[in-house]
Amino acid sequence: VVLALVVLSVFATALGRRRVAALAGSAAAGVLWLASTPWFAATLAESLQAGYRQAPAAAMPKADAIVVLGGILGGEDTLELSNLSDAVDRLIYAKRLFDAGKAPHLLLAGGAGEGRTPEADLMAGLLMEWGAPAPAILRETKSRNTRQNALGVGALLEEQGLRSVLLVTSALHMRRAEATLRAVGIDVIAAPTDFMGGRSELPILDWLPEAGALDVTTHCIKEYLGLWVYRWRGWAL
């Protein structure tokens, strides 16, 4: 949006439409500033995360399996610490749920591009390094997005005779993920983690732009657009 407004401003300037150029330039600056403020980012994040909370593993209900959606890697197919994103909280929380006896299976969902190691396999390796038994780990290795996650997980659950799941994904992604898994008939219990947003201790700082806030805003817009598209296509309830 900002780039489109900047381009409009440049073309308007070239055509001698100074008023239009000034308005487009001001709008670009305003949109960028607003999207970069902690207040705006936190407000958007709260709207997506409302109704979800992370409970201690011991307080969660039991299910047939713990489903962990991929998305914890950086750019390489390795689980070195330098290549893990903030979403690695998903794997940590899933292991805590498993250790608390909340489900007998860990179902990991995540594929990869051609010639690369599926993320589910990499996550399984890390969980086993942390002490999870190999027989308890199920892997869905073909999916590349949330819709494919749901289809692959649903097929694997049916094959194993399982139905209810504790769904572990980032809180910002939970609304779309939960709705997508429910759409294929999976009994979902939300187990969110990796909460984003948060306001500054001093209210005035909420209105000063930050790169981190812009990143949160970007994630939120992606989720809202994704949820709209999934519902429009009938992929989410």
Side-chain angles (χ1 to χ4, degrees), residues 49 51-73 79 87-112 117-195 223 226-227 230-231 233-237:
Q49 297 171 162
Y52 296 114
R53 64 183 183 88
Q54 186 180 53
M60 292 295 290
K62 291 187 176 183
D64 295 331
I66 299 163
V67 172
V68 187
L69 301 187
I72 71 171
L73 296 181
L79 283 176
V88 72
D89 292 4
R90 303 178 188 184
L91 216 53
I92 295 170
Y93 190 43
K95 180 60 165 53
R96 288 177 176 173
L97 290 168
F98 180 79
D99 289 343
K102 297 306 175 179
H105 302 284
L106 285 157
L107 199 168
L108 314 176
T117 305
E119 188 173 5
D121 289 342
L122 294 168
M123 291 192 293
L126 190 52
L127 282 169
M128 287 187 286
E129 184 180 322
W130 292 348
I137 298 176
L138 305 174
R139 312 179 194 191
E140 186 286 302
T141 61
K142 304 296 184 184
S143 61
R144 301 289 300 280
N145 56 46
T146 305
R147 165 66 171 173
Q148 293 173 7
N149 284 159
L151 293 173
V153 166
L156 195 52
L157 289 172
E158 184 176 359
E159 178 185 312
Q160 297 292 324
L162 308 174
R163 181 170 179 81
S164 63
V165 304
L166 285 162
L167 176 61
V168 181
T169 189
S170 299
L172 213 63
H173 180 234
M174 182 58 77
R175 182 180 295 185
R176 179 160 61 104
E178 183 180 14
T180 306
L181 266 67
R182 288 190 187 280
V184 297
I186 300 173
D187 184 5
V188 178
I189 302 169
T193 188
D194 184 32
F195 286 77
E223 284 304 319
L227 186 59
Y230 273 42
R231 285 177 173 166
R233 301 196 69 172
W235 293 351
L237 295 179

Q: Looking at every heavy atom in both Tyr52 and Phe195, which two are closest together, and how far apart are they?
A: O-CE2, 3.7 Å

Q: Would you kindly check if the NZ (Lys) or CZ (Arg) of Arg176 is within the cone defined by 45 degrees around the ring axis of Tyr230 and under 6.0 Å from the six-membered ring centre?
A: yes

Q: Quick one: closest heavy-atom pair of Leu106 and Ala94, and the distance?
A: CD2-O, 3.9 Å

Q: Do the non-hydrogen side-chain atoms of Phe98 and His105 ever get within less than 4.5 Å of each other?
A: no

Q: Counting C-beta onward and ignoring hydrogens, is there a side-chain heavy-atom pair between Glu223 and His173 closer than 4.5 Å?
A: yes

Q: Let me know which of Thr169, Val188, Asp187, Leu151 forms a side-chain contact (heavy atoms from CB on, under 4.5 Å) with Leu181.
A: Val188

Q: Search all heavy atoms of Gly71 against all heavy atoms of Ala87 and return the closest pair with its distance.
A: O-CB, 3.5 Å

Q: Begin with the C-alpha distance, continue with both residues' side-chain angles, and end with the deciding distance and a verdict on side-chain contact (heavy atoms from CB on, under 4.5 Å) for Val168 and Leu97.
A: CA-CA 10 Å; Val168 181; Leu97 290 168; 3.8 Å; yes

Q: Does any non-hydrogen side-chain atom of Leu126 lie less than 4.5 Å from one of Met123?
A: no

Q: Answer yes or no: is there a donor N or O on one side and an acceptor on the other, between the side chain of Gln54 and the main chain of Pro56, under 3.5 Å?
A: no

Q: Which atom names give the shortest non-hydrogen contact between Ala55 and Met60, and what distance separates them?
A: CB-SD, 3.8 Å

Q: I'd like to know whether Lys142 forms a side-chain contact (heavy atoms from CB on, under 4.5 Å) with Glu140, so could you lay out the CA-CA distance, the side-chain angles of the two residues, the decisive distance to 0.1 Å, and finally the verdict.
A: CA-CA 6 Å; Lys142 304 296 184 184; Glu140 186 286 302; 3.6 Å; yes

Q: So which of Ile189, Leu69, Val153 actually passes side-chain contact (heavy atoms from CB on, under 4.5 Å) with Leu167?
A: Leu69

Q: Under 4.5 Å between any side-chain heavy atoms of Leu162 and Leu138, yes or no?
A: yes

Q: At their closest point, which heavy atom of Gly111 faces which heavy atom of Arg144, and how far apart are they?
A: C-CD, 4.2 Å

Q: Mind listing the closest non-hydrogen atom pair of Pro61 and Leu166 along with its distance?
A: O-CD1, 3.6 Å

Q: Here's a test for you: under side chain to side chain donor-acceptor pair (under 3.5 Å), which of Lys102, Arg96, Lys95 qualifies with Asp99?
A: Lys95

Q: Taking the side chain from Arg90 and the backbone from Thr193, do they hold a donor-acceptor pair closer than 3.5 Å?
A: no

Q: Got Ile137 and Arg139 here, is their nearest side-chain heavy-atom distance under 4.5 Å?
A: yes

Q: Could you walk me through whether Leu91 and Trp130 pass the side-chain contact (heavy atoms from CB on, under 4.5 Å) test, one step at a time?
A: CA-CA 10 Å; Leu91 216 53; Trp130 292 348; 4.2 Å; yes

Q: After noting the C-alpha distance and the side-chain angles of Thr141 and Asp121, does the key distance pass the side-chain contact (heavy atoms from CB on, under 4.5 Å) rule?
A: CA-CA 7 Å; Thr141 61; Asp121 289 342; 3.7 Å; yes

Q: I'd like to check Leu157 versus Asp64 (side-chain heavy atoms, cut-off strictly below 4.5 Å). Are they in contact?
A: no

Q: Please answer whether the main-chain N or O of Ala109 pairs with a side-chain N or O of Glu119 as donor and acceptor at a distance below 3.5 Å.
A: no

Q: Can you tell me if CD on Glu158 sees more than 12 non-hydrogen neighbours from other groups inside 6.0 Å?
A: no

Q: Measuring only between side-chain heavy atoms, which start at C-beta, is Leu156 closer than 4.5 Å to Leu107?
A: yes

Q: Checking Ser170 against Asp194: is there a side-chain donor and acceptor pair closer than 3.5 Å?
A: yes

Q: Give a yes or no on whether the backbone of Leu237 and the side-chain of Arg182 come within a donor-acceptor separation of less than 3.5 Å.
A: no

Q: So, Arg147 and Thr180: side-chain donor and acceptor under 3.5 Å apart, yes or no?
A: no

